[in-house]
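Here's the structure we're looking at; comments come further down.
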Amino acid sequence: MPNVKSFEASSHANNTSMPFLESYHVSKRPTKSGALQSSSGHNVHLRTYHTFGRADNCHTHLTRSDISRIHAIIFWKDNSWFIEDKSTNGIWVNEHKLIKAQIYPLKENDVIVFSSKTGESFTMINSNEPCDMMVNIQKNYSPIYLQKPMTFISDKCTMHYKNDQWHLIDNQHNLCLQDSEIVNIEGRPYCLQYNHIEYKTVQNRPIAQSLDDLEFRLEVSDDEEEVKLSIHDSIQTSVIEGTRIQSQLYLMLCLARKSIDDRSQGYAENNQGWINLNDLSKELGIEPDNARIRLHRLRTRLRDSISFSGFDACQLVQLKDGEVRLNASKIIIKKGNKQEANIGCH
C-alpha cells in the first residue's frame, strides 16, 4: 500500500507506544454526503468531480474489459448531482440508456449500470452535497466525516482546518495532510478526501481527446517562489494555483523547462523531456520517494482539472524506467513580465 503513514504517540517512561488514535471507534452510521452503494455491497463516497472507469487514476476503478478507460463522470453542480456518459458501451440510469456527452440529474434511489445491463449496479443512497472526510480504504468501516473548523477524533486528537488544509493534531504532532494521503487510524488505513465546492471549475473544465488539445501556461514570479498554471483547450480554461500546491507546480515547471530545452536542441519527439527521477529529486532538493509522491499528486491535480477522454493524466505526466517527462506539445512559460519560452503556441 503506497504512502501509508502510521502515527503513534510514544511513551519514553516505559519505552512503549500506543496507537495515535487509539480511542476512536468507527460507527456503522449512515452516509452523510453524496454516495452510491454497489450491488456487491460497498459504498462509493462521491467527490465533487468523480470519475469511473478502467484507467488506474479514476476515482472509482472498474476492471471489466467492456468498461472504458474513463467511462463516466458524476459531479456536484448547482446543489445537485449529475452524471455524464464518456464511454463506448454506454450507461443506464433506471434502465434508460443515456445519450453520450449529455448531463443528467441524479436523485436518491436512482440505479446506475455501466456498460452492461447485467453488470454490477450502483444505487444513489445519499444526494447531499460532498464534504471532506477520511475514507476507510478497506471498505469495512464508515468514513470519518470532517466538520470545519474542527473535528474531534478522540479525547487525545483532533482534525483542524486551517489555511485551506486539514491538520491532524495531538500533544506531540501537528501533521498537515494532503488530498488522497493515507494514514493509519487504529491500524486501519484511511484516505483523506477533500471536496472543495468549485462550481466554475466544474463548468469550465477543459476537454481533451488528445494531448494536442491542451495548452499549458506557467506564470512564474521573478524569485520563482510562486507558480501559477493555466490549462486551455480551444474554449475553456482551468487555473491551478495556491500556496499549498506550490511544490507540485514547481515540479511541473521543471518538467516543462526540460521538455522545451530538449525540443530546442532538436531531440526526436519520443526522446524529448525525459529526466532521471534521481536528477529531478536533486534539482528539487528532496528524496526520490518524495518526488514520486509529488508526481502522483500532480497527476491527481491534473486529472481533477481536465476532462480527459480517450487518455488520462498518466500519459500527460509519464513515468517509465526511473525517468519522468511532461508529454505536452503546447507550453508557454512566463517569468515575471517576460516570456521565457514558447513551444507550439500562437
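Quick caveat: nothing in here was measured; it's all calculated off a predicted structure.
- For the pair S121/W92, no side-chain contact is recorded, criterion being any heavy-atom separation below 4.5 Å from C-beta on.
- Summarising the geometry of S115 relative to R64, their closest heavy-atom pair is CB-NH2, 3.7 Å, with the distance given to 0.1 Å.
- If you run side chain to side chain contact (heavy atoms under 4.5 Å, CB included) between L192 and each of L146, I182, V135, L168, only L146 comes through.
- Taking the charged nitrogens against the carboxylate oxygens, R325 and E323 have no contact shorter than 4.0 Å, which rules out a salt bridge.
- Judged purely by atom type and a 3.5 angstrom limit, H71 uses its side chain to pair as donor or acceptor with the backbone of S68.
- Relative to the ring axis of Y194, R244 places its NZ or CZ within 45° and under 6.0 Å from the centre.
- If you chain together hydrophobic residues whose side chains sit under 4.5 Å apart, V111 and I99 never meet in one group.
- Within the 3.5 Å criterion, the main-chain N or O of K32 finds a donor-acceptor partner in the side chain of Y145.
- Residues L284 and N290 are not in side-chain contact: their nearest non-hydrogen atoms beyond the backbone lie 4.5 Å or more apart.
- The shortest non-hydrogen separation linking N195 to T48 is OD1-N, 2.8 Å.
- Heavy-atom minimum distance, R263 versus S329: NH1-O, 3.5 Å.
- With salt bridges taken as basic N to acidic carboxylate O contacts below 4.0 Å, one links K86 and E84.
- Looking at Q236, its side chain never comes within 3.5 Å of a backbone N or O of H232 through a donor-acceptor pair.
- Heavy-atom neighbours of E224 CD from other residues, nucleotides or ligands within 6.0 Å: above the threshold of 12.
- A donor-acceptor pair is defined here as one N or O able to donate and one able to accept, closer than 3.5 Å; such a pair exists between the side chain of D213 and the backbone of S210.
- Listed for the S39 side chain is no donor-acceptor partner under 3.5 Å among the backbone atoms of E120.
- No salt bridge links K258 with D261; every basic N to acidic carboxylate O contact stays at or beyond 4.0 Å.
- No donor-acceptor pair under 3.5 Å is formed between the side chain of T151 and the backbone N or O of M159.
- With hydrophobic clusters built from ILVMFWY side chains whose heavy atoms lie under 4.5 angstrom apart, L177 shares a cluster with Y190.
- A tilted orientation is assigned to the rings of H59 and H50, their planes being inclined by 30° to 60°.
- Screening R301, R47, R297, R303 for a salt bridge (Lys or Arg N to Asp or Glu O under 4.0 Å) with D179, the sole residue that qualifies is R47.
- Listed for the Q272 side chain is no donor-acceptor partner under 3.5 Å among the backbone atoms of I260.
- At least one donor-acceptor pair closer than 3.5 Å links the side chain of S238 to the backbone N or O of S305.
- With N126 contributing its side chain and N128 its backbone, the two residues share a donor-acceptor pair below 3.5 Å.
- Using a 4.5 Å heavy-atom cutoff, the side chains of M124 and I112 are not in contact.
- I153 and Y141 fall within a single hydrophobic cluster, where Ile, Leu, Val, Met, Phe, Trp and Tyr side chains are chained together by heavy-atom contacts under 4.5 Å.
- Without hydrogens or angle criteria, E340 side chain to V220 main chain gives no donor-acceptor distance under 3.5 Å.
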